[in-house]
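Report on the following structure.
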Amino acid sequence: MGRGMMYGILRRVAVALCAAVVALATGCSSSEKETFTLWQLPSVADDHGNSYVIRTPHGRVIAIDGGKGAETDYLRGFLAALGNEVDVWIVTHPHYDHVEALTNLLRDPKGLRVHEVRESRFTEEMIAAEPEYRPWAEEYYAAVDAAEGVEVKNCSAGDRFTVDGVHFKILSEINPEIGENVYNNSSMAFRVWDDAKSVVFLGDMGIEGGDKLLDSPMREDLDCDYLQVSHHGQRGCSERFYRTVNFRACLWPTPTWLYNNDLGGGENTAHFTTFETRRWMEEKGVEEHHVACDGLCRIE
């Protein structure tokens, strides 16, 4: 075995162990918990991705997306520290920065048990609509369909389920009629809540899909305590969407360079629209922001 290969193995093991230590250190006993715990996982590579983990009051685990392939070892270690068992894995859409790590875990679980995956499955035409991302989508679907012991449930808007007193409601399904920004506009948005707090996840919802959701019967379910800003905080939902929905805090699955709109030329000098979204939030009076580039975020 070469030195480079050995270094790579040791690095992956170290990352996984660090994730496990962090997960354990940020936990507390189920007898002390009266609500679910939500973690917004940081990116190991400080890159765009989407990765969240929920633990119910009695220790059951729900995962959301998972991020890029570079996040696989961290995510594996984090889930191992929580018992190496995921009751439900929710997938918003099959862009690689949302499902590549999950694909890797499904192919090589190393003891991880995933009981159920919930998604709103893309049609073949939708998968083919973005050729540059098609290979990752096809690999994800192949992996989840071949995974032993994993039940795959195709969701529709309005579907509900409950895990250990934590409620979930699907707010949107695929939008095959929207011919632009196809993958993002078909993100499966959903709501999570109990008696203590509520969270709405938007995935990478674009303007068209977001406005369709806003004008749908699910509008009343969009108001929440914590809102995950769509598409990592830029070129996601419309200003109208954010000004209409009521929420008090933002979850930003956003790397440093994107949050600061800085590709090396200084703050807010690149072409991303993150500062526009940040301005909308400031004008709305939202002061609580949890940004993935600040590190692991735990919400109880």
Side-chain angles (χ1 to χ4, degrees), residues 3-27 37-55 61-86 89-112 114 133 135-137 139-140 143 201 203-204 228-229 231-234 250-264 270 272 274 289-299:
R3 181 177 299 176
M5 183 178 295
M6 178 63 74
Y7 174 79
I9 293 173
L10 291 174
R11 180 182 180 279
R12 288 193 293 273
V13 171
V15 168
L17 288 174
C18 286
V21 170
V22 168
L24 288 172
T26 55
T37 298
L38 168 67
W39 287 279
Q40 178 176 256
L41 273 59
S43 169
V44 174
D46 195 24
D47 204 351
H48 60 87
N50 204 73
S51 189
Y52 294 89
V53 174
I54 291 171
R55 184 171 61 180
V61 174
I62 299 93
I64 300 161
D65 287 346
K68 288 184 175 180
E71 315 302 328
T72 304
D73 290 335
Y74 182 94
L75 182 59
R76 189 191 299 279
F78 200 94
L79 294 173
L82 297 178
N84 229 15
E85 190 168 358
V86 176
W89 203 304
I90 301 174
V91 173
T92 62
H93 67 295
H95 264 149
Y96 73 110
D97 59 323
H98 291 247
V99 299
E100 191 177 19
L102 171 57
T103 301
N104 292 341
L105 294 178
L106 291 170
R107 286 173 170 171
D108 185 19
K110 286 186 172 66
L112 173 67
V114 178
Y133 300 115
W136 286 282
E139 288 177 4
Y140 157 68
F201 292 91
D204 279 356
Q228 177 242 309
V229 295
H231 200 229
H232 317 284
Q234 67 99 32
C250 290
L251 302 174
W252 296 75
T254 312
T256 306
W257 52 269
L258 183 54
Y259 189 71
N260 293 328
N261 189 28
D262 182 2
L263 292 178
F272 305 109
T274 331
H289 298 274
H290 303 279
V291 190
C293 60
D294 291 338
L296 179 66
C297 168
R298 167 183 165 174
I299 294 172

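Just so you know, these numbers use all the heavy atoms, side chains as well, and skip hydrogens, waters and symmetry mates. Owing to the predicted nature of the structure, the values given are computational and were not obtained by experimental measurement. Numbering starts at 1 and runs along the sequence shown.
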Rounded to the nearest 0.5 Å, the CG atom of L112 sits from the CG atom of L82 at a distance of 11.0 Å
For the residue pair H290 and Q40, what are the closest heavy atoms and their distance? O-NE2, 3.1 Å
If you apply the rule side chain to side chain contact (heavy atoms under 4.5 Å, CB included), what do you find for Y140 with H95, and how did you get there? CA-CA 9 Å; Y140 157 68; H95 264 149; over 6 Å; no
Report the relative orientation of the aromatic rings in H93 and H98; use parallel for angles under 30°, tilted for 30 to 60°, perpendicular for over 60°. tilted
Test side chain to side chain contact (heavy atoms under 4.5 Å, CB included) on W252 and L258; report intermediate values, then the result. CA-CA 10 Å; W252 296 75; L258 183 54; over 6 Å; no
Give the minimum heavy-atom separation between V53 and V61, together with the two atoms involved. CG1-CG1, 3.9 Å
Quick one: closest heavy-atom pair of Q228 and Y52, and the distance? CG-OH, 3.6 Å
Can you tell me if R76 uses its side chain to pair, donor with acceptor, with the backbone of P109 under 3.5 Å? yes
Would you call L79 and V86 a side-chain contact if the rule is heavy atoms closer than 4.5 Å? yes
Rounded to the nearest 0.5 Å, how far apart are CH2 of W39 and CD1 of I54? 10.0 Å
For the pair L106 and W89, evaluate side chain to side chain contact (heavy atoms under 4.5 Å, CB included) and give the outcome as yes or no after the intermediate values. CA-CA 11 Å; L106 291 170; W89 203 304; over 6 Å; no
Return the CD1 to CZ distance between I62 and R55, rounded to the nearest 0.5 Å. 11.0 Å
So, applying side-chain contact (heavy atoms from CB on, under 4.5 Å) with V91, which one of I64, L102, N50 is it? L102
Would you say E100's side chain and K68's backbone share a donor-acceptor pair under 3.5 angstrom? no
Please report the C-alpha distance between L251 and L38 in whole Å, then the side-chain angles of each, then the deciding distance to 0.1 Å, and finally whether the side chain to side chain contact (heavy atoms under 4.5 Å, CB included) criterion is met. CA-CA 11 Å; L251 302 174; L38 168 67; 3.8 Å; yes
Hydrogens and angles aside, do D46 and T256 bring a side-chain donor and acceptor to less than 3.5 Å of each other? yes
Minimal heavy-atom distance between C293 and Y259, with the atoms involved, is SG-CB, 4.4 Å
Looking at V44 and A70, what are the two nearest heavy atoms and their distance? CB-O, 4.3 Å
Do I90 and F201 come close enough that some side-chain heavy atom pair is under 4.5 Å? no
For S51, is there any backbone N or O sitting under 3.5 Å from a side-chain donor or acceptor partner on D65? no
Answer yes or no: is there a donor N or O on one side and an acceptor on the other, between the side chain of H232 and the main chain of P253, under 3.5 Å? yes
Looking only at heavy atoms, which two atoms of E139 and T103 are closest? And how far apart? O-CG2, 3.8 Å
Could you list the residues that satisfy side chain to side chain contact (heavy atoms under 4.5 Å, CB included) with S43, not counting sequence neighbours? A45, D47, E71
